[in-house]
Amino acid sequence: MNNAYLLIGGNEGDRLRYLQQARDHISQHFGEIVEQSSVYETAAWGKTNQPNFLNQVLLIHTLLDAVSLMNNILLAEKKMGRIRNEKYSARIIDIDILFFNEEIINLPELVIPHPEMQNRRFVLVPMNEIAPQLIHPVFHKTINTLLKECMDKLDVKKI
């Protein structure tokens, strides 16, 4: 059984309903959700002139390998109505793999751990809620330490 930490989020439409749909799809098709953070609201990161995001971190147990999980995530996002046009644009749903076991994966289509998570409070705050002592396999630091060192100043509010 593989452990995968996922970040789900979105900033269009009924954000809470889309998060619930994503959780339902994940539990039905990817594996069991064994832990989940609170839902957090954050201003958009990267492209700031858009609505606030809701984000949540999930820990799942899955039989899928990392590449299969990513391929299934892309299909799930498309099925839910996500349209990929420009980077950092508004979206109904976004599902990212943050960690997959303790693996370091560098493929053209998949990089794990997520390469920007250490720079984003909207990832680290919910991650810290459910796995503060998890060691990042590249930086060899806990999530809690990465959060303390993070330079991102965007407010991340539990809702």
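Excluded from the calculations below are hydrogen atoms, water molecules and symmetry mates; all remaining heavy atoms, backbone and side chain alike, are included. By convention here, the first residue in the shown sequence is residue 1.
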Flag side-chain contact, heavy atom, 4.5 Å: H136 against T145: no
Value rounded to 0.5 Å, distance of CG in L147 from CE in M127: 11.5 Å
F122 side, atom CZ; E41 side, atom CD - distance, nearest 0.5 Å: 13.5 Å
Spacing of CG belonging to N55 relative to CG belonging to L7, to within rounding of 0.5 Å: 5.0 Å
Closest contact, heavy atoms only, Y18 versus G13: CE1-CA, 4.1 Å
Closest non-hydrogen atom pair, A22 against I93: CB-CD1, 3.7 Å
Transitive ILVMFWY cluster of M1, excluding itself - 4.5 Å side-chain cut-off: L63
Any donor-acceptor pair under 3.5 Å from E129 side chain to S38 backbone: yes
Identified side-chain contact (heavy atoms from CB on, under 4.5 Å) partner of V67 from the options N72, I105, L107: L107
Residues M117, L146; criterion side-chain contact (heavy atoms from CB on, under 4.5 Å); working and verdict: CA-CA 9 Å; M117 68 178 296; L146 290 173; 5.6 Å; no
Main-chain N/O of E103 paired to N101 side chain as donor or acceptor, under 3.5 Å: no
Cluster check L64, V111: I/L/V/M/F/W/Y, side chain < 4.5 angstrom: no
same_hphob_cluster(L74, I8) at 4.5 Å side-chain heavy-atom cutoff: yes
For residues 152-159, which side-chain donor-acceptor pairs fall under 3.5 Å, sequence neighbours excluded?
| from | atom 1 | to | atom 2 | distance (Å) |
| --- | --- | --- | --- | --- |
| D152 | OD1 | L154 | N | 2.9 |
| D152 | OD2 | R121 | N | 2.9 |

Side-chain donor/acceptor of E77 to backbone N/O of I95, under 3.5 Å: yes
Exam field: side chain N11 to backbone R91, donor-acceptor pair closer than 3.5 Å: yes
Atom pair CG (L6) and NE2 (H114), whose distance is rounded to the nearest 0.5 Å: 11.5 Å
Nearest non-hydrogen partners of A66 and F100, listed with the distance: N-CZ, 3.4 Å
Steps toward side-chain contact (heavy atoms from CB on, under 4.5 Å) verdict (I143, F99): CA-CA 11 Å; I143 296 300; F99 294 103; 3.7 Å; yes
Residues Q20 and R17: side-chain donor-acceptor under 3.5 angstrom: no
Cluster overlap L110 with I73, hydrophobic side-chain contacts below 4.5 Å: yes
Nonpolar side-chain network containing I135, other nodes, edges under 4.5 Å: none
CD-CD1 distance between Q56 and I130, expressed to the nearest 0.5 angstrom: 8.5 Å
Inter-residue atom distance I112.CD1 - I97.CD1, 0.5 Å rounding: 4.0 Å
Pair H61-N2, side-chain hydrogen bond (donor to acceptor under 3.5 Å, both in side chains): steps then yes or no: CA-CA 5 Å; H61 289 167; N2 296 304; over 6 Å; no
Single-linkage hydrophobic cluster, 4.5 Å side-chain cutoff, L75 and I26 together: no
Contact check, side chains of K148 and N144, non-hydrogen atoms, under 4.5 Å: yes
Steps toward side-chain contact (heavy atoms from CB on, under 4.5 Å) verdict (D94, F53): CA-CA 10 Å; D94 187 27; F53 277 79; 5.7 Å; no
Main-chain N/O of L58 paired to Q36 side chain as donor or acceptor, under 3.5 Å: no
Over all atoms of both residues, closest heavy-atom pair of I104 and P137: CD1-O, 3.6 Å
I33 backbone acceptor or donor facing S27 side chain under 3.5 Å: no
T62 side-chain N/O to F30 backbone N/O, donor-acceptor pair under 3.5 Å: yes
Nearest heavy atoms of Q118 and L124, plus distance in Å: O-CD1, 3.6 Å
Over all atoms of both residues, closest heavy-atom pair of P51 and A44: O-CB, 4.1 Å
Partner of H25 under side-chain contact (heavy atoms from CB on, under 4.5 Å), chosen from H29, Q21, Q28: H29
